[in-house]
Amino acid sequence: MRKDQRSMKEESKKMQSPCLEEVSQGCLHGCCPSPFLNQHEPQTKASKPRNSSAACRRDFASKTTSSIFPNTQFINHESLPSMQDSFTEFTKAYPQYSDTYRVDQIRSREYYHLSFSDHTCLDYLGIGLFSYSQLQKQECPKYRIASSSFPVPPESPPPVLDIPFFGVSYKPGNLKTQLLHGGVASEFESVIRKRIMSFLNVSENDYSMVFTANKTSAFKLVAESYPFQSNRKLLTVYDYESEAIEAMSNSSEKNGAKVMSAEFSWPRLRLQSSKLRNMLVSKEKKKKKKKRRGLFVFPLHSRMTGARYPYLWMSIAEENGWHVLIDSCALGPKDMDSFGLSLFRPDFLICSFYKVFGENPSGFACLFAKKSTIPVLEISSTSGIIGLIPPQKLFRAVTESPGTDTEVENLASQSGRIEKGKTTYEIQHAEIVEKLKGIEMSEVSESDKSIEMECRGLDEVDSLGLVTISSRARCLINWLVSALLKLQHPNTNGTPLVRIYGPKVKFDRGPAIAFNVFDWKGEKIEPVLVQKLADRSNISLSYGFLHHIWFADKYQEEKEKVIERRNNEADGNKGKDKSGMGIAVVTAALGFLANFQDIYKLWAFIAQFLDADFVEKERWSVAKLARRSKNIGAQFTLSYDCFGYT
């Protein structure tokens with residue numbers, strides 16, 4: 001079976017473009033000598049007068065357009081410039097990128113698994129708590145990093161013990177009580193709580209916080225506790241379909257809320273400012289005591305299109321009697337520094353964290369509530385609040401107990417694998433959750449007084465700062481946008497391969513992009529198919545659904561061509577005219593660890609669609625692999641039965 005899988009991988013590689021082959025062979029991570037990495041070290045150079053911020057913003061788009069493959073269209077994936085040549089031109093266009101070399105050092109030292117796996121992760125949202133190197137066994141000195149100034153990762157992946165950084169246990173009770181009085185919590189949980197509040201610059205004097213199982217749980221908790229019977233409205237600002245917002249809307253409607261949504265103008269998907277203002281501003285005459293109108297949910301920027309929204313909307317909402325919930329889940333890891341909680345304090349704030357970038361996307365969400373707002377909430381029987389369990393509690397049996405293999409399995413966390421001697425235990429997530437539900441938080445509260453949990457992922461982001469992280473992301477995402485727009489089908493009078501939704505090249509855009517790929521006939525290739533083909537090239541993408549799109553009269557003909565109905569119409573919303581209408585898209589999000597190799601690899605992959613037969617070749621390859629796997633499975637089952645196993 002392994003031999004067949006190996007041959008199929010080799011077959012797939014043969015079908016890759018030369019550019020993708022170069023990416024897989026090249027190295028920008030520091031694990032081998034590389035001219036790319038050397039260019040990141042800032043050289044001593046004469047100081048230049050800095051332009052004003054306003055001037056930089058004005059010039060950024062025009063400079064990008066004139067510097068990235070000017071007057072060039074690529075009609076063949078084999079005609080793309082090499083990664084080396086592209087990187088050279090990239091650094092000429094964005095000389096400030098070299099000032100972010102410390103990100104490459106952190107990636108090389110702490111996340112070297114990305115180099116070994118040659119995996120491009122463009123589907124992570126939220127903030128990473130820990131680094132991959134923290135999984136490394138401390139008792140393996142031969143794998144330790146050699147240099148602190150510019151570390152070189154080991155020649156092969158070191159063995160790691162997949163002990164989780166924490167486990168979770170669901171807490172009973174309701175949101176209001178938990179926010180007002182807290183509950184029994186371990187010393188470990190308190191340490192994590194303080195570290196997160198410090199990272200986000202949230203004051204414990206002003207806000208209370210609870211951990212929730214995920215983002216959806218956090219939004220649903222607010223919806224089921226908010227007094228929609230008196231504050232009747234829920235107003236959201238999302239250009240994409242969100243499971244969390246859908247759960248919130250459904251719960252709010254059951255509690256008597258009138259659900260409203262902002263709209264976005266085609267074709268650039270700009271926020272319809274006049275309509276949003278009309279929904280926010282009260283038409284009633286000013287009174288001495290304003291009556292609360294409802295809950296305004298504001299995401300700061302779109303996690304799909306990268307569109308950023310002015311913070312002014314929060315002030316307008318508050319001035320007109322709205323409670324404000326800020327969704328910061330899609331923000332960059334230091335974007336909260338620009339938010340300014342000292343100037344504007346929302347009533348609720350939701351953010352999400354995952355464990356390790358490129359390795360473990362599981363984690364939790366944090367729900368903050370302003371202490372002066374908590375009394376407004378109603379008592380409700382909701383679930384989703386969790387407590388954090390330290391790894392020592394979960395794995396006591398591994399180090400202290402002479403228990404059986406079954407006992408060890410039952411204590412394992414959702415990280416999935418424990419190595420004990422030469423035995424590996426594969427753990428099912430559902431079984432673990434059931435076990436963790438049985439652990440009372442009181443059992444953990446007495447735990448370790450001396451816990452020192454190092455959130456190295458947060459520490460690294462703090463050391464880099466907002467300017468470095470945002471500058472790097474700005475260079476990478478705008479190069480990617482420009483490069484994708486340079487791909488054009490041959491012999492079609494300029495039919496573009498890619499359509500980008502939302503902002504194009506822009507100084508203030510976020511590090512996310514929503515796009516679709518079209519064949520030479522102008523027909524859209526299904527986003528799910530693009531995502532699956534990207535997986536085969538070791539690129540992780542996402543797909544989503546843009547909605548609440550408003551078309552002016554002059555775009556009505558175009559509307560008929562681009563708008564579509566969501567496939568999953570089993571949600572009972574068929575009676576609503578606008579429900580389920582929108583555009584399915586492919587999405588990519590750049591984390592702070594993204595580098596030029598990542599975006600070039602995506603560009604080279606998308607360029608393969610310029611080959612009119614690319615999709616059919618890949619489908620044939622997948623079908624061939626499926627048939628081969630099916631035959632191997634049948635042979636294995638036959639052998640298994642012949643030996644008398646049941």
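Everything numeric in this text was worked out from a predicted model, so none of it was measured.
Under a cut-off of 6.0 angstrom, the local environment of NZ in Lys254 is sparse, with at most 12 non-hydrogen atoms contributed by other residues, nucleotides or ligands. Residue Glu557 places its CD atom among 12 or fewer non-hydrogen atoms of other residues, nucleotides or ligands, all under 6.0 Å distant. Applying the 6.0 Å contact sphere to CG of Asn491 captures no more than 12 heavy atoms from other residues, nucleotides or ligands.
Leu533 places a side-chain heavy atom less than 4.5 Å from the side chain of Phe605. Within the 4.5 Å cutoff, no side-chain heavy atoms of Asp327 are placed close to those of Leu300. In this structure, the side chains of Tyr501 and Pro267 stay at 4.5 Å or more apart for every pair of heavy atoms. With contacts defined as side-chain heavy-atom distances shorter than 4.5 Å, the pair Arg107/Asn595 qualifies. Residues Phe298 and Leu325 form no side-chain contact, since every pair of their non-hydrogen atoms from C-beta on lies 4.5 Å or further apart. Taking the side chain as every heavy atom from C-beta outward, Leu541 and Ile539 approach each other to under 4.5 Å. In this structure, the side chains of Phe69 and Ser482 stay at 4.5 Å or more apart for every pair of heavy atoms. Considering only heavy atoms from C-beta on, Leu125 stays 4.5 Å or farther from Cys329 through its side chain.
No donor-acceptor pair under 3.5 Å is formed between the side chain of Arg565 and the backbone N or O of Met581. A distance-only check finds a donor-acceptor pair linking the side chain of Arg232 to the backbone of Gly256 [under 3.5 Å]. In this structure, the side chain of Asp347 engages the main chain of Val324 through a donor-acceptor pair within 3.5 Å. In this structure, Ser328 contributes its side chain and Leu331 its backbone to no donor-acceptor pair below 3.5 Å. With hydrogens and angles disregarded, no donor-acceptor distance shorter than 3.5 Å links the side chain of Thr373 to the backbone of Ala369. The backbone N or O of Ala244 sits nowhere less than 3.5 Å from a side-chain atom of Lys215 that would complete a donor-acceptor pair. Judged by distance alone, with hydrogens and angles left aside, the side-chain atoms of Asn360 form no donor-acceptor pair with the main-chain N or O of Val356 at under 3.5 Å. Without hydrogens or angle criteria, Arg270 side chain to Ser265 main chain gives no donor-acceptor distance under 3.5 Å. Side chain of Asp239 to backbone of Thr305: no donor-acceptor contact under 3.5 angstrom is found. Remark: the backbone N or O of Ala594 is not paired with any side-chain donor or acceptor of Asp598 at under 3.5 angstrom.
Counting only N and O atoms by type, the side chains of Ser225 and Ser380 include a donor and acceptor under 3.5 Å apart. Checked by atom type, the side-chain pair Ser542/Asp123 shows no donor-acceptor distance below 3.5 Å. In this structure, a donor-acceptor pair under 3.5 Å is present between the side chains of Thr64 and Tyr94.
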* For Trp603 and Leu80, what are the C-alpha separation, side-chain angles and deciding distance, and is it a side chain to side chain contact (heavy atoms under 4.5 Å, CB included)? -> CA-CA 9 Å; Trp603 184 50; Leu80 300 187; 3.7 Å; yes
* To do: Carefully, step by step, assess Tyr354 and Ser362 under the rule side chain to side chain contact (heavy atoms under 4.5 Å, CB included).
  => CA-CA 5 Å; Tyr354 56 83; Ser362 66; over 6 Å; no
* For Lys258 and Leu234, run side chain to side chain contact (heavy atoms under 4.5 Å, CB included): C-alpha distance rounded to whole Å, both residues' side-chain angles, the deciding distance at 0.1 Å, then the answer. => CA-CA 6 Å; Lys258 177 185 177 182; Leu234 172 68; over 6 Å; no
* Asked: Passes side chain to side chain contact (heavy atoms under 4.5 Å, CB included), Ile245 versus Val297? Steps please.
  -> CA-CA 9 Å; Ile245 296 303; Val297 182; 4.1 Å; yes
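Rounding to the nearest 0.5 Å places CD1 of Ile316 at 15.0 Å from OH of Tyr311. In this structure, the separation between CD on Gln488 and CD on Gln73 is 4.5 Å, given to the nearest 0.5 Å. In this structure, the separation between CZ on Phe344 and CD on Glu318 is 4.5 Å, given to the nearest 0.5 Å. Rounding to the nearest 0.5 Å gives a distance of 11.0 Å between OG of Ser273 and CG of Asn278. In this structure, Met248 CE and Thr236 OG1 are separated by 9.0 Å, a value rounded to the nearest 0.5 Å. Atoms CZ and OG1, on Arg474 and Thr100 in that order, are 12.0 Å from each other to the nearest 0.5 Å.
A salt bridge is defined here as a Lys NZ or Arg NE, NH1 or NH2 lying under 4.0 Å from an Asp or Glu carboxylate O, and Asp206 with Arg345 meets this definition. Using a cutoff of 4.0 Å between basic side-chain nitrogens and carboxylate oxygens, Glu378 and Lys176 are not scored as salt-bridged. Ionic pairing of Arg499 and Glu558 is present here: one or more N-O contacts between side-chain nitrogen and carboxylate oxygen are shorter than 4.0 angstrom.
Applying side chain to side chain contact (heavy atoms under 4.5 Å, CB included) to Phe364 and the options Asn214, Val210, Ile196, Thr212 leaves one that passes, Ile196.
Between Val498 and Leu485, the closest heavy-atom pair is O-CD2, 4.4 Å. Counting all heavy atoms, side chain and backbone alike, Ser537 lies closest to Gln608 at OG-NE2, 4.5 Å. The two residues Leu610 and Pro490 come nearest to each other via the heavy atoms O-CD, 4.5 Å. Shortest non-hydrogen contact noted between Ile606 and Leu497 is O-CD2, 3.3 Å. Taking each heavy atom of Cys475 and Phe90 in turn, the nearest pair found is O-CE1, 3.7 Å. Closest non-hydrogen pair, Ser261 versus Met279, comes out as O-CE, 3.6 Å.
With sequence neighbours left out, the ring-ring contact (aromatic ring centres under 6.0 Å, His included) criterion links Phe357 to Tyr124. Every residue two or more places apart in sequence or in another chain was checked for a ring-ring contact (aromatic ring centres under 6.0 Å, His included) with Phe515, and none qualifies. The ring-ring contact (aromatic ring centres under 6.0 Å, His included) check on Trp322 picks up nothing, with sequence neighbours excluded.
For residues 519-552, the set of pairs meeting the ring-ring contact (aromatic ring centres under 6.0 Å, His included) definition, not counting sequence neighbours, comprises Trp266-Phe551. Applying the salt bridge (charged side-chain N to carboxylate O under 4.0 Å, His left out) test to pairs two or more places apart or on separate chains, those with a residue in residues 503-519 are Arg57-Asp508. Within the structure, every pair that satisfies the ring-ring contact (aromatic ring centres under 6.0 Å, His included) test and touches residues 215-264, not counting sequence neighbours, is listed here: Tyr226-Phe228, Tyr226-His323, Tyr238-Tyr240.
A centroid separation of 6.0 Å or more is found between the aromatic rings of Tyr97 and Trp479.
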